[in-house]
Amino acid sequence: MNAYARSVLMAGFLVTTIVTGGVAADPPRPGTEENGLSENESATLWSGDSDRYITQEEYRQQYGETRSVPSQVANGTDITFKQPPATAATWTRNDFEDLDAGGADTSVHPPHADLEDGVFIEDAHATVFAVQPATRGHIESEESPLYIAPNGTMRGFVDYRVRVPNGSSARDRTIEWSLTEHEIEEVRLKKNGETIVEHDGSHTPALEYQIKDDWSANLTLETEINVRLKKTTRIDLGNQTNVDVTYRTESRNVSDSIDVEIYDLTAERYYAEYPNRDAGVAIFQSRPWQGYTLTEDGEARVRGVWRFYTARNPSWNTLVRSNRTDSTTVESDAIPVSVHAYPSRIGPRAEPVRDGPEIIDIWGLGRPSPDRDLGDNFNIDVVDESYTATYGVAVRAENVNREALQVAGIVRGVNASIVEPDDGSERQLRDSNLSVEVIQQNQSQATLKVELHDNQSGAPIALDDSRQYPIGGTVRDGYITIGDQRVETNASGMAIVRIDESGIYTARYHPGSWLSHDPAYVSDSATIRWHPLGTIEGWFALVFEVGWQLLPFFVMFYAGKHLLRILGPEDIFQQHS
């Protein structure tokens with residue numbers, strides 16, 4: 001890779017302090033790197049770099065060419081993805097080939113390398129470059145595990161320099177040192193201290209691994225560096241010179257470790273059939289996952305809260321070249337790029353948007369937003385408040401091909417193995433029957449009886465909405481709303497509601513997820529009208545109230561009429577005259 005052009009093109013990308021801790025250097029200009037990607041693909045890689053947008057005219061004047069539309073967009077914002085892209089792995093694999101060691105007298109290492117020194121071996125290190133396929137999950141602040149595929153490749157960089165002692169000469173004795181051999185003996189990949197892969201000695205090892213039946217692990221890149229020096233001592237004895245040759249050897253073990261989550265998915269699936277023949281599907285997995293398809297062509301799909309971006313690992317922005325007398329920092333020709341998953345404000349989505357599946361339920365752990373750990377210089381739709389990590393998503397759809405159901409993970413290329421839950425995957429869905437009637441009323445309030453039954457069997461439906469998770473258990477979740485009240489039915493399927501305002505009231509049954517019970521139910525509603533005039537007491541109260549309000553007028557009318565009879569009109573007229 002060439003040194004980075006100090007261009008403002010391709011700026012506008014996300015910074016993650018978990019990974020970066022600061023704004024990274026400008027990325028290479030699209031089209032200037034032969035790295036297995038097109039210009040448009042490479043333009044999407046650089047979330048985490050600074051936003052300094054320049055117009056097409058400014059770009060043309062600066063570089064003498066016109067950039068593509070995707071490159072222009074990426075210059076002013078971050079590019080995010082619905083699924084983990086392959087571009088990061090392609091770039092990293094090809095860029096890794098540009099990583100060169102320094103030779104016997106020079107060690108090349110990233111600034112964060114853990115250096116080991118011995119007598120003759122100095123600035124020795126073995127540093128993990130990248131593990132792929134992998135995704136860094138930003139779950140919440142200070143929780144960002146690295147999920148790796150069960151089958152993948154770890155790439156590393158190993159280098160060192162050899163300190164050959166200076167010779168000396170005093171009187172009749174001369175000592176000379178020379179390097180005869182130096183090698184990286186073997187490179188090993190260890191899982192929790194146990195070697196799982198061995199590789200011939202190399203400055204740039206690529207170790208292919210397979211890990212099964214593990215949830216998390218500590219992976220260690222380890223190697224042993226061996227050197228052999230020759231010491232020649234000459235002693236001048238006048239007419240004779242004695243030569244003594246000895247050899248000195250040294251070995252240094254160097255390593256680097258990372259903590260990973262082995263992303264081997266197993267998902268539980270649940271099915272239901274609605275009374276109108278619609279299909280219900282629910283998938284549950286205890287780790288973050290991307291979504292699932294419902295049809296063979298993949299057009300009907302559902303995805304959870306997670307979206308993706310790609311960003312460089314800024315720890316490799318520069319390399320240090322150290323020799324016996326000095327060390328210099330240079331821009332790195334090899335930059336690993338990683339996939340990151342984050343909770344999006346867009347939230348769970350079903351496609352096609354208008355006539356596709358309908359999301360009826362999501363569930364998972366409540367998590368605080370990870371936005372504080374993403375830094376200031378980013379432009380993605382990360383949630384800015386607490387969110388639900390969608391470990392489970394249930395949908396309703398007209399058409400579902402059970403044989404084509406595929407569950408995709410947040411690590412590229414990892415799909416879940418689908419298993420049947422212990423309590424079975426099929427759920428019955430029945431119609432419910434909700435009714436409401438006035439059982440008692442007076443002029444100020446009415447008492448309503450709400451009843452909920454199985455429409456097929458007539459059995460009462462008892463509700464308890466205190467549950468937090470929809471799968472399993474013996475208590476049916478759900479509730480009924482009427483007016484501004486929310487009620488639950490008792491063991492007889494009945495609830496009592498009191499209202500004190502006239503009007504039309506609609507009671508609606510809000511069933512919990514059909515995952516909760518077998519059988520489960522669909523919603524139903526019932527409407528009732530109530531007014532105090534609908535009762536004798538109400539009419540009596542109305543007459544009494546109106547009469548009471550009109551009483552002063554009746555008294556005045558009666559008094560006036562009685563006065564006219566006593567005095568007569570003429571007397572009244574004379575008094576006023």
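Residue numbers count from 1 along this sequence. Worth saying up front: this structure is predicted, and the values here are computed from it rather than measured.
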Less than 4.5 Å apart, any side-chain heavy atom of [X] and any of [Y]?
X	Y	value
V382	D384	no
T153	R155	yes
P348	T388	no
I148	I262	yes
V131	Y209	yes
L45	I79	no
N415	V407	no
R269	E420	yes

Partner residues of D244 under the side chain to side chain contact (heavy atoms under 4.5 Å, CB included) criterion, sequence neighbours left out: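 With neighbours one apart ignored, the set is T233, T246.
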
What's the spacing between [X] [atom1] and [Y] [atom2] if we round to 0.5 Å?
X	Y	atom1	atom2	result
R173	I235	CZ	CD1	4.0 Å
L99	D333	CG	CG	9.0 Å
I175	S168	CD1	OG	4.0 Å
E41	T310	CD	OG1	11.0 Å
L146	I258	CG	CD1	5.5 Å
T325	D105	OG1	CG	9.5 Å

For the residue pair H138 and H340, categorise the inter-ring angle as parallel (less than 30°), tilted (30 to 60°) or perpendicular (more than 60°).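 H138 and H340: parallel rings.
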
Between S38 and N40, is the side-chain hydrogen bond (donor to acceptor under 3.5 Å, both in side chains) condition met? List the steps. CA-CA 5 Å; S38 67; N40 291 341; 5.3 Å; no

salt_bridge(K230, E176) N-O dist < 4.0 Å: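 No.
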
Counting N and O atoms only, with roles assigned by atom type, does the side chain of [X] sit under 3.5 Å from a partner on the main chain of [Y], one being a donor and the other an acceptor?
X	Y	value
D159	A101	no
S369	D371	yes
D256	V128	yes
R136	S144	yes
W316	R312	no

Begin with the C-alpha distance, continue with both residues' side-chain angles, and end with the deciding distance and a verdict on side-chain contact (heavy atoms from CB on, under 4.5 Å) for V302 and L294. CA-CA 8 Å; V302 183; L294 298 168; 4.3 Å; yes

With respect to Y147, which candidate in W306, W215, Y263 satisfies the ring pair (Phe, Tyr, Trp, His ring centres under 6.0 Å) definition?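 It is Y263; the other options fail the test.
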
Tell me yes or no: between the side chains of [X] and [Y], is some donor less than 3.5 Å from an acceptor?
X	Y	answer
N35	D95	yes
T220	N218	yes
S332	N317	no
S315	N313	yes

Side-chain donor/acceptor pairs under 3.5 Å, residues 110-125, sequence neighbours excluded:
unit_1, atom_1, unit_2, atom_2, d
E116, OE1, R252, NH2, 3.1
D117, OD1, D123, N, 2.7
E122, OE1, R161, NH1, 3.4
E122, OE1, R161, NH2, 2.6
D123, OD2, R161, NE, 3.0
D123, OD2, S322, OG, 2.7
H125, ND1, T127, OG1, 2.8
H125, NE2, V108, O, 2.8

Under 6.0 Å from the [atom1] atom of [X], do we count more than 12 heavy atoms belonging to anything else shown?
X	atom1	value
R324	CZ	yes
D213	CG	no
R345	CZ	yes

Show the nearest heavy-atom pair for residues [X] and [Y], with the distance to one decimal.
X	Y	value
T90	G36	CG2-O, 3.7 Å
W363	V393	CZ3-N, 3.9 Å
W91	I335	NE1-O, 3.1 Å
P370	V383	CD-CG2, 4.2 Å
Y342	F308	CE2-N, 3.7 Å
N151	P133	O-CD, 3.8 Å

Member of L207, V197, T204, D200 meeting the side chain to side chain contact (heavy atoms under 4.5 Å, CB included) criterion with V187: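 Testing each of L207, V197, T204, D200 against V187, the sole residue satisfying side chain to side chain contact (heavy atoms under 4.5 Å, CB included) is L207.
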
Residues 177-185, side-chain donor-acceptor partners within the protein, below 3.5 Å, at least two apart:
unit_1, atom_1, unit_2, atom_2, d
T180, OG1, R228, O, 2.8
H182, ND1, Y160, OH, 2.7
E185, OE1, N226, ND2, 3.0

Under the side-chain contact (heavy atoms from CB on, under 4.5 Å) rule, what do R367 and I139 come out as? Steps first, then yes or no, please. CA-CA 7 Å; R367 298 279 194 167; I139 311 300; 3.6 Å; yes

Please walk me through it: do D326 and T328 pass side-chain contact (heavy atoms from CB on, under 4.5 Å)? CA-CA 7 Å; D326 196 12; T328 57; 4.2 Å; yes

Please collect all side chain to side chain donor-acceptor pair (under 3.5 Å) contacts where either partner lies in residues 188-199, sequence neighbours excluded, each pair once.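 Every pair satisfying side chain to side chain donor-acceptor pair (under 3.5 Å) with a residue in residues 188-199: E186-R188, R188-E222, K190-E222, K191-D214.
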
What residue pairs, at least two apart or across chains, pass side chain to side chain donor-acceptor pair (under 3.5 Å) with a residue in residues 281-291?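 Output for this query lists E261-R287.
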
Could you go through F96 and F129, starting from their C-alpha distance and side-chain angles, then the distance that decides it, and tell me whether this counts as ring pair (Phe, Tyr, Trp, His ring centres under 6.0 Å)? CA-CA 8 Å; F96 182 65; F129 184 76; 5.1 Å; yes

Give the C-alpha distance, both sets of side-chain angles, the deciding distance and a yes or no for side-chain contact (heavy atoms from CB on, under 4.5 Å) between I211 and I196. CA-CA 9 Å; I211 302 176; I196 59 173; 4.1 Å; yes

Can you give the donor-acceptor pairs under 3.5 Å from side chains of residues 80-89 to other protein atoms, not counting sequence neighbours?
unit_1, atom_1, unit_2, atom_2, d
T80, OG1, R307, NH2, 3.4
K82, NZ, E351, OE2, 2.8

Step-by-step side-chain hydrogen bond (donor to acceptor under 3.5 Å, both in side chains) determination, N323 to T106: CA-CA 5 Å; N323 55 33; T106 303; 4.9 Å; no

